[in-house]
Amino acid sequence: MAQLRRRLPPVNSLVVLEAAGRLLNFTRAGEELGLTQSAVSRQIQLLEQHLGAAMFQRHGRNLQLTRDGARLHRAVTMGLGHIADTAVDIRRHRGTGELTVATSVTFANYWLMARLAQFRSQNPEIELRLVASTRLHDLVAAGVDIAIRYGSGRWEGLEAIRLFDNEIWPVCAPSYLAGRPRLTRVQELLDETLLHLGQFDRNWVTWSAWLAAQGVTAAPRKRGLEFDNYLVLLQAAVRGEGVALCGGRLAEDFIARGDLTRPIEATLGSDRAFYILYPSGIRLIEAAAKFRDWLIEAAR
């Protein structure tokens, strides 16, 4: 250990080099590390004095790594990254029966929660923590073992297993259609009260996009209702206030209970799907592997 300490540059300066080399800006590196720009500059100078080589050079207003700086930066990034991943993994798994799962609020409410009791009864030794959030950042840093997300299947640094596809259907309460003839053509939806989501992500299919995919480009002739929350929107559909768009796998339990029905059989296939995600390059703990396998079976 003593020999290692003599060979290593000052450790604090290596942390600063990682941030400064990644951002190529001393001010932004300081903001990230909670240091002033001058403190970052001093750490880089200390490192350069220790090595006898320049780490950065300026070209006009642009800051660039030198050849030696780029070599050391690569080594520091790999080394510190591995140390950080290992430390987080150790913190996450103090108990082998602990499991943290992240998913969207919608998926948790309308698919996962109805089935979770089965997993818990089959695996009573696993302490499950469910994080319902639409954000997806660094799973390792967040202490998340497995995430379930809807998207294209491409997430950097994550293994993705396709859980199930998702077709988009119109749905409404049986009471909304009570005493009326069943809809037979997509165009007839233009005369219905359509429920819209005012705030949506890129995965969301709007009514205009869904209708256009069915060859209908005319605007609805009836004023609809707009919501800023999909859970509230779907509950409005259950109350009989209008027709909503819903993913088939999220609607299946509502339909099985009789809370919702499909007013028309038209559907839109999506190029996106629900995926099981976990960090690549990190072996799943036993609890996470069991949950992954259970999810795949439950999705069948």
Side-chain angles (χ1 to χ4, degrees), residues 103-115 134 148-154 160 162-275 295 298-300:
T103 183
S104 68
V105 175
T106 300
F107 186 86
N109 272 274
Y110 295 142
W111 193 87
L112 184 59
M113 292 305 297
R115 295 161 175 80
T134 56
I148 306 158
R149 286 293 186 272
Y150 184 66
S152 64
R154 295 184 296 274
R162 198 180 189 95
L163 187 59
F164 47 66
D165 297 333
N166 197 40
E167 294 183 324
I168 311 301
W169 305 335
V171 294
C172 64
S175 60
Y176 178 83
L177 297 175
R180 301 170 49 191
R182 191 171 185 87
L183 303 179
T184 58
R185 297 183 304 131
V186 174
Q187 289 88 336
E188 295 173 355
L189 287 168
L190 299 177
D191 295 310
E192 302 299 327
T193 301
L194 304 182
L195 307 181
H196 302 270
L197 189 64
Q199 298 178 359
F200 49 86
D201 62 26
R202 60 185 178 181
N203 295 317
W204 178 254
V205 177
T206 64
W207 267 113
S208 59
W210 190 91
L211 289 166
Q214 309 296 328
V216 178
T217 57
R221 290 182 284 270
K222 194 171 183 178
R223 188 177 182 85
L225 299 173
E226 185 173 300
F227 302 85
D228 65 358
N229 183 295
Y230 186 67
L231 274 67
V232 177
L233 183 154
L234 207 53
Q235 288 303 315
V238 170
R239 290 193 302 270
E241 296 181 23
V243 184
L245 286 174
C246 187
R249 294 307 299 265
L250 299 182
E252 60 187 10
D253 289 349
F254 285 95
I255 292 173
R257 292 193 303 265
D259 294 332
L260 292 174
T261 188
R262 297 176 65 181
I264 194 167
E265 290 300 313
T267 185
L268 173 64
S270 174
D271 60 348
R272 299 179 183 273
F274 287 93
Y275 287 87
L295 273 174
R300 292 173 182 168

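We're numbering straight along the sequence, starting at 1.
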Approximate separation, where rounding is to 0.5 Å, of L197 CG and D228 CG: 8.0 Å

Reported CZ-to-CZ distance for the pair R182 and R262, which is rounded to 0.5 angstrom: 9.0 Å

Ring-face cation contact, Y176 with R180, 6.0 Å cut, 45° max: yes

Smallest separation among heavy atoms of L225 and E241, with atom names: CD1-OE1, 3.9 Å

Interatomic distance, D253 atom CG to R115 atom CZ [nearest 0.5 angstrom]: 4.0 Å

Beyond-backbone contact of L268 with Q214, side-chain heavy atoms, under 4.5 angstrom: yes

Minimum heavy-atom distance between F227 and V232, given as atom pair plus value: CD2-CG1, 3.7 Å

Criterion side chain to side chain contact (heavy atoms under 4.5 Å, CB included) on R185 and V216, from CA distance to verdict: CA-CA 10 Å; R185 297 183 304 131; V216 178; over 6 Å; no

Main-chain N/O of E265 paired with W169 side-chain donor or acceptor, under 3.5 Å: no

Rounded distance [0.5 Å steps], CZ in R223 versus OG1 in T193: 11.5 Å

Test item: Y110 side-chain N/O and L231 main-chain N/O as donor-acceptor pair under 3.5 Å: yes

Any donor-acceptor N/O pair, R249 side chain to A299 backbone, under 3.5 Å: yes

Full working for side chain to side chain contact (heavy atoms under 4.5 Å, CB included) between L183 and E192: CA-CA 10 Å; L183 303 179; E192 302 299 327; 3.7 Å; yes

Closest heavy-atom pair and its distance - S175, G240: OG-CA, 4.0 Å

Cationic tip of R257 above F254 ring, under 6.0 Å, 45° of axis: yes

Smallest separation among heavy atoms of L234 and A244, with atom names: CD1-CB, 4.4 Å

Heavy-atom closest pair, residues I168 and G247: CD1-CA, 4.1 Å

Those residues that, when tested against E167, pass salt bridge (charged side-chain N to carboxylate O under 4.0 Å, His left out) (two or more places apart): none

Stepwise side chain to side chain contact (heavy atoms under 4.5 Å, CB included) test for L190 and L211: CA-CA 9 Å; L190 299 177; L211 289 166; 3.9 Å; yes

Derivation of the side chain to side chain donor-acceptor pair (under 3.5 Å) call for S104 and T106: CA-CA 5 Å; S104 68; T106 300; 5.0 Å; no

Distance (rounded to the nearest 0.5 Å) between D271 CG and N166 CG: 11.5 Å

From CZ (R272) to OG (S270), nearest 0.5 Å: 7.0 Å

Reference residue F107; test ring-ring contact (aromatic ring centres under 6.0 Å, His included); the match among Y150, Y230, F274: F274

Steps toward side chain to side chain contact (heavy atoms under 4.5 Å, CB included) verdict (L112, L295): CA-CA 9 Å; L112 184 59; L295 273 174; 4.1 Å; yes

Heavy-atom closest pair, residues L189 and L194: O-CD2, 3.7 Å

